[in-house]
Structure formats: structure tokens, C-alpha cells
Amino acid sequence: MASRYIYRPFIKGSVPQTKPIVSIENVVASATVNQTVNLNLITQIFPDVEYHPDQFPGLVFRLRSPKTATLIFSSGKMVCTGAKSEKMAIQAVKNVVQKLKKGGIPLENEPQIEIQNIVASASLGGKIHLELAARVLPRSMYEPEQFPGLIHRMLDPKTVILLFASGKLVCTGAKKESEVYRAVGNLHTLLEEKNLMIYEG
Amino acid sequence: RLRTWDSRSQVHEPVDRNFRQAFSELDRLKDKLAVGDAVIEKAAYVYRKALEKGLVRGRSISALVAAALYAACRDTETPRTLKDIANASNIKKKDVARCYRLLIRELDLKMPVVDPVKCVARIASKAGLSEKTKRKALEILKKAEEGKISAGKDPMGLAAAALYVACVMNGENKTQKDVAEAAGVTEVTIRNRYKGLKTHLKL
DNA sequence: AGGTTACTTTAAAAAGC
DNA sequence: GCTTTAAAAAGTAACCT
């Protein structure tokens, strides 16, 4: 009983009560095959692609697995969106290149891939006092007439977090999954330290 | 010497022209929106800061003037909505909002959150509601804000719902549509806020 | 009233206007 | 700055029954 008395009362309000639940929702990767590509030829071989050069220079190549959309440019550069992890994004780009090759598109090189952005959602353990948070969190903006979430720009890791009153959030701008966990952890700790979280039930 | 002269004629002079154009636009908006001189002065101050920081390059002067004016209204708690500024300046509400957020970000401005209480008077006068109903709405808002049902919600929607509830309580014959129209929100929003108020205040 | 769909915000890359 | 892609959060809006 003594140890319980010592720990619980002092931990409350100074240490996160719950561990955030994080989900990677979208990974954006850029890639290049270091050679030019004939987009019109791809359109002939793959009838399901979307290509409207008058509207946008990139051709949209959709994969069912991993469920992604890859934009292919005539320069041989690409942008893959929609993957649920870094690995899946890389696999998606490789799958696209493999399909192009099997379809008869002459590609000589393996794609060079770079993760550009990771979007994740998360849930902290309790509700947030947004109006107070807007006043005490640096680089944050809360404009309920424009958007229901508080927009917070974190310096390290360099990310932007959309924080909602429910305690759920969206983290974007990270280039590594580890940065997402670090950003969410940093914010959770900050909110705890400044007593901006409301734990009920 | 020629270099020095160049830097004055090609950089400083256009800055003055830019500010003169911005200020005349501010004067035009001042009459349309009926805001006081203090608000205009603050808007001009914010715009000048934006100019000094180079935020106007590649952007519309009109949009930034409108955004600076909105920032001044917010800072002085002058009840003018983004829609008001957008309509008076003929700039899309989305663009005014985007420039406003740019000013807040780049100039490190801190604005008070829009208070639903300040929205009540405007909606009430537009809808022609009584002083008693206005008072009742303020009471309702007081309880609602402390109950934390307002986080993330549009202040106009909250004020409109509070006024609608107050009308019903005072037997003032106004429909949701009347209040919604005066507030610039939809009836659906009033209904949704009403549900929250009903649950929280157990009305 | 309700249900659907759709739009607001955030980040990032691609080529070109 | 814009165009296109994807995805989440919560609120508001538009349109249909």
C-alpha cells in the first residue's frame, strides 16, 4: 500500500497515463528509373491508366495490392501515394516497375526510391482543452470557424500535427515511421506537462 | 553610386506604391464594412509588417489587405466574419482564410479565439430577436462553454443554436431557418449544436 | 428529419504553366 | 501560386429521400 500511495498521486498529471495508439495511414514516396519513359506507350499497353497531359503531366498508374496510385512522368520520375508503410511504398514502386517491364516497356534500371512524407493518425488517452492549448503551445493555431483541429508545427521532428478535442490527431510531414512515433510521444508529453489533457472515465 | 541609386528606385519606391495601393483599398473596405479607424490602423500595421517580410511577393495585394483587415478585426474582437470580408473585397473566402493563416504563421501573431458570445448580438439584431432572448442565449452559452461542448465547433453555429434554444424557451416565434439565415450557417448545424446543448444542459 | 457524398486543414514529390 | 495523388481527423454543407 505504501508504494502505491507514493507512485500514483505524483504520477498523475506529470506522466502520460496511456500510450498513444498510432496508425500509419499514407506514405508518399518519390522514385526514378533514371531514363525517359514513353507515357503514350504505357497508355496503349495498360488500358486502366489515367493520362490527361493537358490537365496534368503525370500518368496515374493504380495498383490493387498494395493499394496505391503512382504518378509516372516522362522523365522516368515517379510519385507513389497510398501505401500504409515505408516497406509497402517501396514494394509498390517495385511492383509498378515490374509490371511495366512485363508489359513491354523497356526499363533498364532498378528504381531509386525515397520516402517523402508519412501521414499518420493517433489517439491520445483523453480529451484536449484546445482553446488553452492554442494559448500555451508555441507555433500553434486554432481557428474553429475554419477547421475544428488545432494546427501545431513541431520543430523536432519537423512535422505538423492536427490535434482535435477528442484527443485524436493527424501527424504529417515525417519521412520515417520512427519520426511519427517520436512526434506523437513529444506532443503527448508536452500536453501532459502543461495539463492540457482531460482524462475522464 | 549607380548601384545605390538603383536599389532605391527599384526596391524602395515600389514598396511605397504597393503600400499606397493597399491603403486605398483599406479605405474602401472601411466604408463597406463600417469598421472604425483603430481597426484600419491595425490592418495597415499588419500589412506593412507583411510587406517588410516579403510576404506580398507573388501574391495578390487585395487578398493580403483583406486578410490583414480580418486579422485586425480578430485582434480587436470586432465581429466581422471571413464571409463579410470576402464579400466586401470580392475575394474568395478560402483565399482570405489562407492569407490570414499565412500572416498568423509568418508574423507570429497570436489571436484570441472567436467568442460565440460576441456573435450573439449580431445574429440577434439581424433576426430581430428580443433583448430577453439574447440574455437567455448568453446564459446558455456560458453553461455550454464551461461544459466543453464548444471545442472545435464554429462559434457562429454555437451562438445560433443558443439563440434558437432561447427563442423556444421565451416563446419567441422564430424558425431554425430564420436564425440560421441571420447567422450564416445551415439549419442542420443548428440542429446538431442543439442536440449537444440538450444533452449537456438536459433541456 | 436522416443519409450520402463532398469539401475544409496538414505534408511532400513529380513537370509545366 | 496552380494542376494530380492518397489518407486521417471533426465539422459544416449540399443534395436527395
Side-chain angles (χ1 to χ4, degrees), chain A residues 22-32 37 39 50-63 66-84 89 92-93 113-124 128 130 141-154 157-175 179-180 183, chain B residues 57-60 63 82 93-95 97-99 101-102 105 150-158 160 176 180 183-196:
Chain A
V22 179
S23 287
I24 304 296
E25 304 287 356
N26 182 25
V27 175
V28 180
S30 62
T32 177
V37 178
L39 300 184
E50 289 173 37
Y51 182 43
H52 306 292
D54 55 317
Q55 184 177 117
F56 188 70
L59 175 154
V60 184
F61 194 109
R62 294 168 198 283
L63 269 191
K67 190 190 173 198
T68 51
T70 298
L71 304 178
I72 304 174
F73 300 84
S74 58
S75 63
K77 292 188 175 181
M78 322 176 150
V79 173
C80 174
T81 63
K84 295 294 187 186
V93 172
I113 309 168
E114 251 187 288
I115 301 298
Q116 298 290 165
N117 183 30
I118 296 178
V119 181
S121 61
S123 182
L124 304 178
I128 314 292
L130 286 189
M141 184 181 329
Y142 172 50
E143 299 283 333
E145 329 82 276
Q146 296 175 44
F147 189 69
L150 164 324
I151 302 168
H152 179 253
R153 288 164 195 279
M154 189 174 285
K158 193 188 176 236
T159 51
V160 172
I161 292 176
L162 308 182
L163 181 62
F164 300 86
S166 64
K168 290 188 176 183
L169 61 85
V170 170
C171 173
T172 185
K175 281 190 158 56
E179 291 175 351
V180 171
Chain B
R57 287 180 184 177
R59 265 177 268 260
S60 150
L82 266 178
K93 178 184 161 188
K94 184 180 175 179
D95 293 328
R98 186 185 295 141
C99 288
R101 289 195 299 271
L102 177 85
R105 244 179 5 246
S150 30
K153 274 84 171 182
D154 179 356
M156 273 296 189
L158 284 167
Q176 290 185 358
V185 299
T186 64
E187 294 162 71
V188 178
T189 295
I190 289 187
R191 259 173 247 145
N192 289 336
R193 288 309 118 243
Y194 173 74
K195 285 176 191 169

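Model, not experiment: these values are computed from the prediction. Residue numbers begin at 1 in each chain, while the letters A, B, ... track the order of the sequences.
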Hey, does A:Val27 reach any base, or is it just sugar-phosphate, or nothing, if we go heavy atoms under 4.0 Å?
-> nothing

Base, sugar-phosphate, or nothing: which does A:Lys158 touch, judged by heavy atoms less than 4.0 Å apart?
-> sugar-phosphate

Using a cut-off of 4.0 Å on non-hydrogen atoms, how would the nucleic acid contact of A:Thr32 be classed: base, sugar-phosphate, or nothing?
-> nothing

Reckon B:Arg191 has a side-chain N or O less than 4.0 Å from the OP1 or OP2 of C:dG2?
-> no

Nearest whole angstrom, please: distance from the P of D:dA7 to the CD1 of A:Ile118.
-> 16 Å

Please report, rounded to the nearest Å, how far the P atom of C:dC17 is from the CG atom of A:Asp54.
-> 13 Å

Between C:dA14 atom P and A:Glu50 atom CD, what is the distance in whole Å?
-> 21 Å

Reckon B:Lys195 has a side-chain N or O less than 4.0 Å from the OP1 or OP2 of D:dG11?
-> no

With respect to the phosphate group of C:dA12, does any side-chain polar atom (N or O) of A:Lys175 fall under 4.0 Å of OP1 or OP2?
-> no

Rounded to the nearest angstrom, tell me the gap between atom OH in A:Tyr142 and atom P in D:dA10.
-> 13 Å

Which part of the nucleic acid, if any, lies within reach of A:Gly58 when heavy atoms closer than 4.0 Å are counted: base, sugar-phosphate only, or nothing?
-> nothing

Atom-to-atom span, CD of A:Gln116 to P of D:dA7 - whole angstrom = 19 Å

Once you apply the 3.5 Å cut-off to both distances, tell me the Watson-Crick or G-U wobble partner of C:dG2, or none.
-> D:dC16

Which residue lies toward the 5' end of DNA chain C, A:Ala31 or B:Arg105, if each is placed at its nearest nucleotide?
-> B:Arg105

Just checking A:Val160: base, sugar-phosphate only, or nothing, at a heavy-atom cut-off of under 4.0 Å?
-> sugar-phosphate

Testing D:dT5, D:dA8, C:dT9 for proximity to the side chain of A:Ile151, the answer is C:dT9

Distance in angstrom units between A:Lys168 NZ and D:dA9 C1', rounded | 8 Å

Do A:Phe61 and A:Tyr51 make the cut of ring centroids closer than 6.0 angstrom?
-> no

With both distances kept under 3.5 Å, what pairs with C:dT10, Watson-Crick or G-U wobble?
-> D:dA8

Of B:Arg98 and A:Val28, whose closest DNA chain D nucleotide lies nearer the 5' terminus?
-> B:Arg98

D:dA13 phosphate, OP1 or OP2: any side-chain N/O from B:Thr186 under 4.0 angstrom?
-> yes

Below 4.0 angstrom from OP1 or OP2 of D:dT12, is there any side-chain N or O of B:Arg193?
-> yes

Would you say the side-chain atoms of A:Lys175 pair up with the backbone N or O of A:Gln116, donor to acceptor, closer than 3.5 Å?
-> yes

Of the listed C:dA11, D:dA10, C:dA14, the closest approach to the A:Leu71 side chain comes from C:dA14

When the distance from CG of A:Leu162 to C1' of D:dA9 is rounded to whole Å, what number comes out?
-> 7 Å

A:Val119 side chain, from C-beta outward: closest of C:dA14, C:dT8, D:dA8 | D:dA8

A:Arg153 side chain N/O closer than 4.0 Å to the phosphate oxygens (OP1, OP2) of C:dA11?
-> yes

Going by heavy atoms in the side chains, are B:Val185 and B:Asp154 under 4.5 Å from each other?
-> yes

Using only side-chain N and O atoms of A:Lys67, determine if any of them is under 4.0 Å from OP1 or OP2 of D:dA7.
-> yes

Quick one: does A:Thr172 reach the base of C:dA11 with a side-chain donor-acceptor pair under 3.5 Å?
-> yes

On DNA chain D, check which nucleotide each of B:Asp95 and B:Thr189 is closest to and give me the residue with the more 5' one.
-> B:Asp95

Pick base, sugar-phosphate or nothing for A:Ser23, based on heavy-atom distances below 4.0 Å to the nucleic acid.
-> nothing

Give B:Gly184 one of three labels, base, sugar-phosphate or nothing, depending on what nucleic acid heavy atoms sit under 4.0 Å from its own.
-> sugar-phosphate

Any A:Ser121 side-chain nitrogen or oxygen under 4.0 Å from OP1 or OP2 of D:dA9 | no

How long is the line joining CG of A:Leu59 and P of C:dA15, in whole Å?
-> 14 Å

Look only at the side chain of A:Lys84 and the backbone of A:Glu25, and say whether a donor-acceptor pair between them is shorter than 3.5 Å.
-> yes

At under 4.0 Å, does any side-chain N or O of A:Ser75 touch on OP1 or OP2 of C:dA15?
-> yes

